[in-house]
Amino acid sequence: MKSNAESPIFLGLDRRTFLRLSGLSTSLLATGTLVSLLTACGAVPQNQAVIETTVEATANFAADVEFRLRAVEDSVAILPGKATEAWRFEGELVSGDKQSLATVPDSYLGPILRVQQGQKVRIRFENELAEASIVHWHGFVIADNMDGHPRHAIAGGEEYLYEFTVKNRAGTYWFHPHAHGRTGPQVYRGMAGLLLVSDPEEAALDLPSGAYDMPLVLQDRLFDDENQFRYFVDEAQESGGMSGMAGHNMGNMDAMMAQMMGQRGDRILVNGQIDAALAVEARAYRLRLVNGSNSRIYKLAWSDNSPLTAIAIGGGLLAAPMTKPYIILAPGERIDLWTDFSAYEVGSELRLQSLEFASMEMGDMMMDNDEILPSGAPFDIMTIRIEATATEEAAPLPQRLAEIEQLDPREAVNTDAPYQVELYMDEMVWKLNGRTFELEEVASDERFQLNGLYIWEFVNLPGRGMMADFMAHPMHIHGVQFQVLSRQIDPQYEEPWQTLAGGIIDEGWHDTVLVAPGERVQVIMRFTEPGLFLYHCHILEHEDGGMMRNFVVEA
Ligand SMILES: [Cu+2]
């Protein structure tokens, strides 16, 4: 099996400190002595494992809805002037209800697929890119060979057939590529789409629907002078690879910073649009916010300081609506807001913003390319114009939304010894328990029993690696939805933590949880799908660099 390329990533330090700690000097950098340290830096695996897959539809799988999903190279108008080259999902409804597929107009984003709990879904994925890819249905409880594991990645020109029954609760899920080492660049170039699930419990609530149910995908991008996406790791590769870095030091420093802290941009896009504006009626809406950014954390707030009302999170409807002054949305996470614009005058405007927070990434401003908007910096996300009175009154917000079974930690298999996952950097690479990703490797402590209830504890504390604790990591577990049991913050991190704490929603079901610097976060879950699944950081450059591992659920 091919070994994962390890990427040197370092963080939380300005350039000078990094050079000192790593025993380098700027003169060494200039002469290219850094080369040997960085030989593996850009060595993105080009070949995924070849696995035989069936592309023949299963005869006795009577699909209720069938889609064709192509990964294509395309160009889209984003900025004035030249079009931007993008990679995108092009969707087509093959059979089933016409409401099952919608496209996002004038966007690189893929289709919005609407499915119902219990439906049988068939999706034929056709990879027309020049590199391997595979599709992961983020948040879905699904068979392991349908989950889009990188071992199932297919080369350009090949197909992968997905057939599954929707098991998830009503909610906002999404899909994106998951080829190892290439998730970051593929998502960044545009590959992402939405997967919205409905169920009878949700239907009974009479929540805003149709035009009043609005998915909003939040992403940041950096553009060059020709209106093209800038992705630093690929740029370093294209300019002769990181091993030939003499003469490309600054470019490669950008790439190293991106690997260390995640690729960020300076433009905020909503549904693929810059300077997004949404015209609404003075009534209630369901706004489904998806953080589809490679690494940016949003601290969502309204410009008039109105509180936000959350009705659903990644794993679907909350038990009851929750009101927060602001809400933290980490990469991979979703939040559904119930927002009533009827209190606003027709003709008025409101902005959705991201507020300032302590990012802990102290090197950011000094090390990042200065075009980049640093993590934790405040910015506007979009403008909402209240353009008209309501054509139809919205039903009032129900005070109870869903039944949520609380998992009991006393009933867990490992109540007294949770599986600990330590998040830290070691030998310049972000790791999980000191290990990086191997395509099919599973360690002895990464094995769990089917239908077993388990507690995992993510630990983001100093003392393990040289730089263990400078970044918040959104940790994602595949094939399962979990509940957050507890958070424990180290006292020395209390102050920065307080800039996030008021906006964290731990209630309900999750597939991704943000683990802040100085934190221990315990989650509990029951594994109901046997097989090989992933858990990883959803900062896509961390994931691509190896901050990802397999675990096995054994029948
Ligand atoms: Cu991470």
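Counting starts at 1 for both ligands and their atoms, in listed order.
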Ion pair R435/E441, N-O distance below 4.0 Å: no
Taking the six-membered ring of F229, is the NZ or CZ of R189 close enough (under 6.0 Å from the centre) and on axis enough (within 45°)? no
Find out whether D147 and F533 are in side-chain contact, i.e. whether some heavy atom of one side chain is under 4.5 Å from a heavy atom of the other. yes
Looking only at N, O or S atoms, find the one in H473 nearest to the Cu ion (ligand 1) and name it. ND1
Name, closest N/O/S atom of H542 to the Cu ion (ligand 1): ND1
Metal site the Cu ion (ligand 1): N/O/S of H538 inside 2.8 Å: no
Taking the side chain as everything from C-beta on, heavy atoms only, tell me whether Q259 gets closer than 4.5 Å to V429. no
